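Below is one structure; the comments refer to it alone.
Order of the sequence lines sets the chain letters (A, B, ...), proteins ahead of strands, with each chain counted from 1. Please read these numbers as outputs of a predicted model, since none were measured by experiment.
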Amino acid sequence: MKRSFSSQGPSAKKFAPWFNALEESLKDPALRVFEDDQITIIRDKFPKARFHYLALAKSPIDDLEQLTSAHVSLLEHLIEEAHAFVESNVAAKTKNPVRLGFHQVPSMKRLHLHIISQDFDSACLKHKKHWNSFTTPFFMDAEKVLTTLKEKGKVALDKSRAEELLKDPLRCHVCKESLATIPKLKDHIKMHDKDEAVKEPKQ
DNA sequence: GTTCTAGAAC
DNA sequence: GTTCTAGAAC
Ligand SMILES: Nc1ncnc2c1ncn2[C@@H]1O[C@H](COP(=O)(O)O)[C@@H](O)[C@H]1O
Ligand SMILES: [Zn+2]
């Protein structure tokens, strides 16, 4: 028999569903590291590298496929301010290079630009999907998105093909060596880490 | 997206 | 026996 009242019960509080978490985080001053009239940059709450932030437009854009020619100058501004943020803040965190880009098939609502250093040194980076989402073409460079938008007036994606990339075997993003497991990969990439002190070779 | 954990892989 | 991955979450 169906109840006429909410199945959540009288004391259940309503929480925003998990895929709206960025919407909530945008409101949290503790996570905000930059804002102007058009954009906000926030800390990634589960950073996958020593330097990992998200840049979002204040006027909400759903995803890459909603972008039109009308967004070109906003996207240019987002990328420009992201670069400026990196320029003035990255040195305190890492010597490793930083990439700006979008996941082709994000889990979180609201278009967000990843600003992420290439050390990938983080306990939050736990599995193959994490790794491949930042190191395969699943990760679209911001400049490529901008160029495509300027040339075509839209960003067309093959989402099912993009999602296949997440299942690819693990491969070092620097030297392309393949590694069997995440722990082995994490151990391997230390050799490319610009922050890692040079270790004595094993005898 | 994360957390938790069963059972696959080693 | 331990490490590691991958799928459910009501
Ligand atoms: N509540 C949150 N606040 C800020 N960042 C988050 C939150 N939850 C998840 N994230 C990050 O948001 C990103 C979403 O990934 P994706 O949707 O694949 O682009 C990931 O890097 C998460 O670590
Ligand atoms: Zn390598």
(message) Can you identify which nucleotide, out of dT3(B), dT5(C), dG1(B), has its nearest atom closest to the Lys129(A) side chain?
(response)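 Selected nucleotide: dG1(B).
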
(request) Output the single nucleotide from dT3(B), dT5(C), dG1(B) whose closest atom is nearest the side chain of Trp18(A). (result)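 In terms of side-chain proximity for Trp18(A), the closest of dT3(B), dT5(C), dG1(B) is dG1(B).
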
(request) Look only at the side chain of Gln118(A) and the backbone of Ile116(A), and say whether a donor-acceptor pair between them is shorter than 3.5 Å. (result) yes

(request) Determine yes or no for a side-chain-to-main-chain donor-acceptor pair under 3.5 angstrom, with Lys58(A) supplying the side chain and Asp36(A) the backbone. (result) yes

Report which part of the nucleic acid [X] touches: base, sugar-phosphate, or nothing (heavy-atom distance under 4.0 Å, all strands).
X         : result
Lys48(A)  : sugar-phosphate
Lys126(A) : sugar-phosphate
His130(A) : sugar-phosphate
Lys45(A)  : nothing
Pro106(A) : nothing

(message) Looking at Phe19(A), I'd like to know if the NZ or CZ of Lys109(A) sits under 6.0 Å from its six-membered ring centre while staying within 45 degrees of the ring's axis.
(response) yes

(message) Please report the interatomic distance CG(Leu54(A)) to CD1(Ile41(A)), rounded to the nearest 0.5 Å.
(response) 10.0 Å

(request) Identify the nucleotide, in any strand shown, that forms a Watson-Crick or G-U wobble pair with dG1(C), with both distances under 3.5 Å; if there is none, say none. (result) dC10(B)

(message) Please report the distance, rounded to the nearest Å, between CZ in Phe46(A) and C1' in dT3(B).
(response)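 Computing the Phe46(A):CZ to dT3(B):C1' distance gives 9 Å.
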
